Asker: 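Questions regarding the structure given below will be posed in turn.
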Amino acid sequence: MATDPFADRRRRRAGAPAGWALAAAIVVAPPVARSDVEALPIFDAHVHYSHDAWEVAPTADVIALMRKAGLRHALVSSSDDEGTQRLFAAAPDLIVPSLRPYRKRGEISTWMRDDSIVAHLEDRLRRYRYAAIGEFHLYGADADLPVPRRLVQLAKRHGLILHAHSDADAIERLFAQDPDARVIWAHAGFDRPERVRELLRKYPRLWADLAFRSDHAAAGRPDPEWRAAFDEFPDRFMVGTDTFTPERLFYIPEHASWTRGWLASLPPALAERIAWRNADALIAPVWKANRERPPVAAGAPPDTPGDAAHCLRAAQAPGARTLESAGLVLVFRTRPQPVRVGERFSVDAALCPRAGAASVEGLAIDAAMPAHRHGMNYAPVLRAGGAQAWVADGLLFHMPGRWQLSFDVRLAGRTERLAADLDVR
Ligand SMILES: [Zn+2]
């Protein structure tokens, strides 16, 4: 029992609810050996402490469980984030906060189509500090919906890691949106080790946690296929309990002990990396940088673009791209798509100044080929396209190659330039 953390899962498959089985497991689990705590630190990269866990497991008890487990750090997220803040306040040396885009448990499958999630994220990001956004559940083409896109942009703006419970398709879409993103692939996508290796090869900024998997180790040894993955990518795997039901919080020490058990068969340097060093190397610098950012003064204007709904709507148009500057968010798309050399095209642009900023006073759209140091031979004609929206007609790229489309926005008496590259064939 003590060495089998997945007993609850098997029982659940057999028809018993996970929570009941777990409660039984807690009663019979032997205490964790003191030598375990002293042996190998663990960075538990997958802990939740949601609103319905507080009564089952009070904050002080959860911290005590983590200390007993010998955790060096825990990456914690929760619906509605309040539990994360409670744990962090109780043990700031131990808890690394991650911001979950859920206000309550039921939002797992609806958040990606719920515009109000963006305001929730922005509000929390103003008031608290985090190392990551997640864990969020996101599959396939849903990753390209406007709300997930905004989530990716918020992570980018705040320099945060993404913790994604996703299939491989959604992981690829996240990197398409932001090739510089750092992503922890929760549960390694519950995918086969071969497929996990393919993605790790393709994306150097992808890591994987092994939370709530039963296939990577058994009887104190890693599975051979997984062992090959660990050998190929010794720097990219980390472990986690995944306390997705409140009862699983009691299971953190047992999970740490079980983890030490199968890691003991690996070379010590590799075991240490998977146990804590990989998570630490990725998460600690991000956390340090964000933790030191000064808090936003009370009463300061919110970070939300003044007319977020307007820009979210524009972002739903096929092929829309979003640019951001200190003062505004700009969503644009070209018509037709893609733009072809020697053919006239138009640009639709929706501008959303951040709240507190003045409204847009003027806009100029132009394009140039930076590598060739020349612009277009045609001057586009600009017209209004609705409130805070413009249309530029008559653009034409006369050469193939990389063009840069630029938007000079007049805002509060100064000009902000936003630019996007377009590869034209
Ligand atoms: Zn989880």
Side-chain angles (χ1 to χ4, degrees), residues 5-6 8-9 12 17-19 21-22 42-54 56-57 62 65-66 69 71 73-88 95-112 117 121 124 130-139 142-143 148 151 155 160-168 170-171 174 182-191 196 206-216 237-252 254-256 258-259 279 282-283:
F6 299 101
D8 64 307
R9 185 168 159 189
R12 194 150 60 103
L22 231 280
I42 299 279
F43 192 136
D44 193 319
H46 201 133
V47 175
H48 307 294
Y49 187 54
S50 292
H51 52 87
D52 51 2
W54 306 343
V56 183
V62 176
L65 283 161
M66 290 177 171
L71 298 195
H73 292 296
L75 185 66
V76 178
S77 62
S78 54
S79 319
D80 61 352
D81 192 53
E82 204 52 48
T84 304
Q85 300 308 329
R86 288 184 185 201
L87 286 182
F88 176 60
I95 303 299
V96 181
S98 178
L99 176 57
R100 192 160 225 207
Y102 312 148
R103 289 153 301 191
K104 54 184 188 297
R105 193 169 277 280
E107 291 183 322
I108 275 186
S109 55
T110 57
W111 73 274
M112 68 293 283
I117 291 295
L121 291 174
R124 300 308 287 194
Y130 304 91
I133 296 183
E135 178 205 23
F136 52 83
H137 298 71
L138 191 62
Y139 304 95
D142 281 359
L151 178 144
L160 301 173
I161 298 159
L162 294 169
H163 194 186
H165 183 136
S166 293
D167 55 6
I171 293 291
L174 293 174
R182 282 165 294 204
V183 179
I184 300 174
W185 196 8
H187 319 286
F190 289 118
D191 216 326
V196 174
L206 177 66
W207 286 258
D209 82 41
L210 298 166
F212 206 77
R213 295 194 69 128
S214 57
D215 59 327
H216 60 288
F237 288 97
M238 56 191 76
V239 295
T241 302
D242 193 3
T243 55
F244 61 89
T245 63
E247 294 79 6
R248 281 184 67 87
L249 287 157
F250 295 97
Y251 175 65
I252 288 172
E254 199 185 329
H255 175 267
W258 180 80
T259 300
L282 168 66
I283 297 166

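Both counts, for ligands and for their atoms, begin at 1 and track the order of listing. What you see is a predicted model; the values in this text were computed from it and never measured.
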Asker: How far does CD1 of I133 sit from OG of S98, to the nearest 0.5 angstrom?
Answerer: 8.0 Å

Asker: Of D81, L87, T84, which is the lone residue that meets side-chain contact (heavy atoms from CB on, under 4.5 Å) with Y49?
Answerer: L87

Asker: Here's a test for you: under side-chain hydrogen bond (donor to acceptor under 3.5 Å, both in side chains), which of H48, H46, E135 qualifies with S77?
Answerer: H48

Asker: So, E82 and R124, do they make that salt bridge, N to O below 4.0 Å?
Answerer: yes

Asker: Going by chain and residue number, what protein N/O/S atoms come nearer than 2.8 Å to the Zn ion (ligand 1)?
Answerer: H46 NE2, H48 NE2, E135 OE1, D242 OD1

Asker: How far does NE2 of H51 sit from OG of S78, to the nearest 0.5 angstrom?
Answerer: 9.0 Å

Asker: Looking just at side-chain N and O atoms, do H163 and D209 make a donor-acceptor pair shorter than 3.5 Å?
Answerer: yes

